[in-house]
Amino acid sequence: MRAEAVEAVVQGLKQAGVDFISLLPDSDFSELQRRVGDDRGFAYVPVSSEAIGVGVCAGAWLGGKKPALLVPTSGFLVAVWPLTSLCMAWGLPLLLLIPYRGDIGDAFWLMGPYKDTTEPLLSVLHIPYVVVLNNLAVGWIEGNTVFRERGRRGHGDLATAAFRVQKTIERQSKGVARCLQESTIVSPSSNFFKKRDITTRLPDL
Amino acid sequence: MTRHECLSILATLLKDEDLVVTALGWVAGEWHSVRPKESNLYQINMGMCTPLCLGLALALPHRRVIALESDGSVLLYLGNLTTLANKRPGNLTVIVFDNQCYLATGGLPTATAGVTDLAGMARAAGIRDAYEVRELGDFEEQARAALGREGPSYIVAKVDPTGKRMSTNIDGKEAKYHFVRYIEKSEGIRIIGTHAMKMD
């Protein structure tokens with residue numbers, strides 16, 4: 001995740017009034033996580049399970065904070081039960097930030113299933129979400145009303161931003177190009193080593 | 001020693017402004033019967049009571065927060081012990097009523113009916129003040145000490161596998177509104193915003 005994108009997300013969070021962040025360290029968000037961990041403007045609670053993070057954020061909201069949970073796509077699955085039984089059932093608002101993984105060209109073979117599960121699951125749970133491209137994150141987070149008006153509702157209390165960060169976009173375009181050259185389709189079941197090779201030749205964005 | 005006996009003692013040690021959150025199960029109704037205050041929040045889902053109290057304690061560090069937990073609930077997310085130990089909220093006391101079974105769902109044994117020692121696990125996670133008690137006098141002593149010192153404190157109360165199915169007469173959402181409005185009033189803050197309808 002590039003420094004500009006990290007800064008854009010941080011500023012968006014601050015402008016939205018987010019002052020409490022919980023997370024489980026994730027490779028896609030590692031720079032963002034370090035940034036919010038070092039920022040005294042956020043209460044910062046790293047956890048050992050995303051499910052625990054949901055509970056911590058729920059308590060923070062009850063105490064007057066405006067929480068956000070940074071979760072990887074895999075962690076979103078871990079968090080689904082408390083999101084359902086705590087946040088949705090009780091009407092406790094929470095902003096989720098999820099890196100967008102598993103799209104065409106994503107070279108890590110384990111990410112494929114998460115492309116298949118993340119957005120459909122958000123839809124099934126009736127969690128409003130947007131896929132944000134790079135700096136548009138600022139405007140979306142700033143403009144969302146999750147904390148201002150949704151404290152009363154049950155079903156619409158969660159808001160989600162899935163960040164398709166610049167690094168992923170670059171991967172995607174290069175992955176597609178390679179697919180076309182080789183007349184093959186990169187799918188989650190493709191050979192792992194071939195995909196890793198693609199990854200290592202990409203510039204570090 | 002029964003949970004209800006412990007709760008009756010605990011109620012006498014608390015101030016009205018102390019925030020108390022109960023786990024799901026019969027502990028909710030029992031606590032409501034001995035301390036029906038708007039500073040209570042009841043029936044937090046399995047595994048979520050202590051994490052929620054951690055967030056609450058960090059958000060309001062000047063208020064005492066008490067989590068009324070069960071062994072089954074704690075066992076669901078044991079990793080939270082490590083978060084609790086590292087964040088060290090000085091205003092949080094966790095009381096685990098360990099009846100060594102899943103009482104509300106039929107009484108099958110939990111791991112603590114075997115060799116598992118929750119207080120020992122809490123200490124190993126880094127919570128210095130973690131104690132197990134088996135007698136009412138010891139419970140009162142540890143509860144009083146926990147409420148009087150810089151926490152976090154973790155008390156595992158070994159109680160009989162019995163309880164009273166008592167109703168709080170309110171569901172979770174209703175309790176949430178009472179609780180949040182109480183915090184808003186007592187802290188002078190706004191948590192749930194007003195609905196403004198745009199007419200144009």
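Just so it is clear: chains get the letters A, B, ... in the order the sequence lines come, proteins before strands, and each one is counted from 1.
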Expected contact set for residues 1-25 of chain B against chain A at heavy-atom separation under 4.5 Å reads none
Can you tell me how far the CG atom of Leu92(A) sits from the NZ atom of Lys173(B), to the nearest 0.5 Å?
9.5 Å
Residues 152-160 of chain B vs chain A, non-hydrogen distance cutoff under 4.5 Å, contacting residues -> none
Please give me the minimum heavy-atom distance between Leu62(A) and Ile183(B), naming the atom from each residue.
O-CD1, 3.4 Å
Would you name the heavy atoms of Ser48(A) and Thr83(B) that are closest together and state the gap between them?
N-OG1, 4.1 Å
Please report the interatomic distance CZ(Phe179(B)) to CH2(Trp90(A)), rounded to the nearest 0.5 Å.
10.0 Å
Per-residue contact mode, Ala51(A) against chain B (heavy atom under 4.5 angstrom):
both
Can you tell me if Glu174(B) has over 12 outside heavy atoms packed within less than 6.0 Å of its CD?
yes
Close approach to chain A in residues 47-73 of chain B, criterion heavy atom under 4.5 Å:
Met48(B), Pro51(B), Leu52(B), Leu54(B), Gly55(B), Leu56(B), Leu58(B), Ala59(B), Leu60(B)
With a cut-off of 6.0 Å (strictly less than), are more than 12 heavy atoms of other residues, nucleotides or ligands near CZ of Arg34(A)?
no
Quick check against the 3.5 Å criterion: does Lys87(B) have a side-chain atom that pairs as donor or acceptor with the backbone of Val45(A)?
no
Residues of residues 90-119 of chain B contacting chain A, heavy-atom criterion under 4.5 Å, by residue number
none
Would you mind telling me which of Ser85(A), Gly64(A), Ala58(A) has the largest number of heavy-atom pairs within less than 4.5 Å of chain B?
Ser85(A)
Is it true that the side chains of Trp81(A) and Asn45(B) contain a donor and an acceptor less than 3.5 Å apart?
no
